[in-house]
There are 2 protein chains.
Amino acid sequence: MASGGNGPDAPAPRKRADARRNEATLLDAAAAAFVESGVNVPVRDIAARAGVGVGTFYRHFPTRADLIVAVYRHQVEACAAAGPVLLADRESPHQALASWIGLFADFLVTKHGLADVLRSDDAAFQTLHAYFIDRLVPVCGQLLEAAVAAGEIRPGQDPYELLRGVGGLCAGADGDPRYNPRRLAGLLVAGLRAEPAQARAAG
Amino acid sequence: MASGGNGPDAPAPRKRADARRNEATLLDAAAAAFVESGVNVPVRDIAARAGVGVGTFYRHFPTRADLIVAVYRHQVEACAAAGPVLLADRESPHQALASWIGLFADFLVTKHGLADVLRSDDAAFQTLHAYFIDRLVPVCGQLLEAAVAAGEIRPGQDPYELLRGVGGLCAGADGDPRYNPRRLAGLLVAGLRAEPAQARAAG
DNA sequence: TTGCTAAACGGAACCATGTTCCGTATCGTC
DNA sequence: GACGATACGGAACATGGTTCCGTTTAGCAA
């Protein structure tokens, strides 16, 4: 670093017009395809829908993770931003935490297949993992800390673990009327509560 | 039924010796391959390890679900059988439930990829779904009912939903030191507890 | 023992999908 | 208008599931 006079944002010399156009078209096509067929929709389908070749697709989005991040960036940012707001608005930190987890769960559930892919240990999804962790773990951690400080929950819950758990609960939940991932996520948050004496009775 | 004089177990006229031998060999090979590479190990690999062609594999196990059920049948049965035993042995139904859920979680976690596949809505895994549900949901239901009867948890929890949730928590948990699915499953069970007055404070 | 038939086998072949590669087309500039 | 860099398109390759059918073999009976 610091070897050139260029600022850290200069190195991108502005892409060609057709490239920018295609990227936008692919993003639209992918968003539509995700809604219709889930985030695992075949690459060829997205490319065909956008009217480009698969080579073009891969040039813009080297891994599926890049595409997914690009499609959902806005919504993830919104979710992250909601944390502090809820903390300020709700009556207690625990309520804020519960609401925020609910928000996160709803986001995952409505993106068919996102939760599954989020838990994949495939190296190709490293980027996706990292993005979600970077943006959401700190927010979750803040909510957890506030609830601990208020004496509402036991300390020691890793925010990463909690989010990963909620992700697991939301995976593959499509259209099963007997399965309500959001309710279970609520159970998880309820389980964090400081133990009310009675519970520890028989260790 | 009842159209022939044969009892309900007669219709299988005993397979040829080589067929029985191959089935056993495949089962062993699959078990070993599952341990080594997870339940999604390629069919070709299993067949090669068993020293048979893929055609032979498919004749014995038309779907991967059939294979998985065959490999894990004993352990699933053991898990089902453990329910009533725990209910009798532990001090309270809630403790029995917690222990049993822990057992189930441990089973899933140690079978790399099983939990993932269990939640797949792929039609090919219908058999697997059905088997797990048939064997384990009633046991879980019994534990839940006992805990409700003892006033330890709120009524209304669908055992199917709970098991599915635990399955979700256990999916893709391989080798992440920061993620402890069994602990989270415990949180879920803790969250079921009858609310101790304080919790509902601000509904 | 030999011959016969149904059962079982093996693996080539086919399909779907992800991914790479490179000849061709296009943009932006001189 | 010409030229070089950038981007495009899709054929080609890799992987893995699944099917199909010609060949082999177990089991039985003469």
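So you know, we letter chains A, B, ... as the sequences are listed, proteins then strands, and number each from 1.
A donor atom on one side chain and an acceptor atom on the other are not found under 3.5 Å apart for Tyr58(A) and Asp66(A). With hydrogens and angles left out, the side-chain atoms of Arg135(A) and Tyr131(A) include no donor and acceptor closer than 3.5 Å.
Ion pairing of Arg49(A) with Glu36(A) is present here, as a side-chain N (NZ or NE/NH1/NH2) and a carboxylate O approach within less than 4.0 Å. Ion pairing between a basic and an acidic side chain is recognised when a charged N comes within 4.0 Å of a carboxylate O; Arg119(B) and Asp116(A) show such pairing. Using a 4.0 Å cut-off between charged nitrogen and carboxylate oxygen, Asp18(B) and Arg16(B) count as a salt-bridge pair.
Of the listed nucleotides (dA8(C), dT19(D), dA7(D)), dA7(D) has the atom at the smallest distance from the side chain of Lys15(A). Considering only side-chain atoms of Arg64(A), the nucleotide from dA8(C), dG18(C), dC27(C) that sits closest is dG18(C). When each of dC9(C), dA26(D), dT19(C) is scored by its nearest atom to the side-chain atoms of His60(B), the top-ranked nucleotide is dC9(C). Side-chain atoms of Asp18(A) lie closest to dA7(D) of the nucleotides dA7(D), dG18(C), dG9(D). Taking every side-chain heavy atom of Val54(B) into account, dT19(D) is the closest of dT19(D), dC9(C), dT19(C).
As rounded to whole Å, 17 Å separates atom C1' of dC21(C) from atom CZ of Phe57(A). If you take CG of Asp45(B) and P of dG16(D), they are 7 Å apart, rounded to a whole angstrom. For Glu23(B) and dA26(D), the CD to P distance is 17 Å, given to the nearest whole Å. We find that CZ of Arg59(A) is positioned 14 Å from C1' of dC27(C), with the value rounded to whole Å. The interatomic distance linking Tyr58(B) (OH) with dC14(C) (C1') rounds to 13 Å, in whole Å. When rounded to the nearest whole Å, the span between CG of Leu26(B) and C1' of dA8(C) equals 12 Å. Rounded to whole angstrom, the span from the CZ atom of Phe61(B) across to the P atom of dT19(D) amounts to 16 Å. Atom CZ of Arg14(A) and atom P of dG28(C) are 8 Å apart (whole Å).
Taking 4.5 Å as the limit, every side-chain heavy atom of Leu87(A) sits out of range of all side-chain heavy atoms of Leu97(A). Side-chain atoms of Phe132(B) and Val137(B), non-hydrogen and from C-beta on, never get closer than 4.5 Å to each other.
Between Thr56(B) and dG10(C), a side-chain N or O to OP1/OP2 separation shorter than 4.0 Å is present. Between Asn22(B) and dA8(C), a side-chain N or O to OP1/OP2 separation shorter than 4.0 Å is absent.
Between Gly53(A) and Pro42(B), the residue anchored nearer the 5' end of DNA chain D, judged by the nucleotide with its closest heavy atom, is Gly53(A). Comparing Ala124(B) and Arg20(B) along DNA chain D, the residue whose closest nucleotide (by nearest heavy atom) sits nearer the 5' end is Ala124(B).
Within the nucleic acid shown, Arg44(A) comes within 4.0 Å of at least one base atom, counting heavy atoms only.
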Under 3.5 Å, which protein N or O atoms sit close to an N or O of nucleotides 2-5 of chain C? Give each pair with its distance.
none

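Taking 3.5 Å as the limit, the base of dA8(C) and the side chain of Arg16(B) contain no donor-acceptor pair of atoms between them.
Using cut-offs of 30° and 60° on the angle between ring planes, the pair Phe57(A) and Phe61(A) is tilted.
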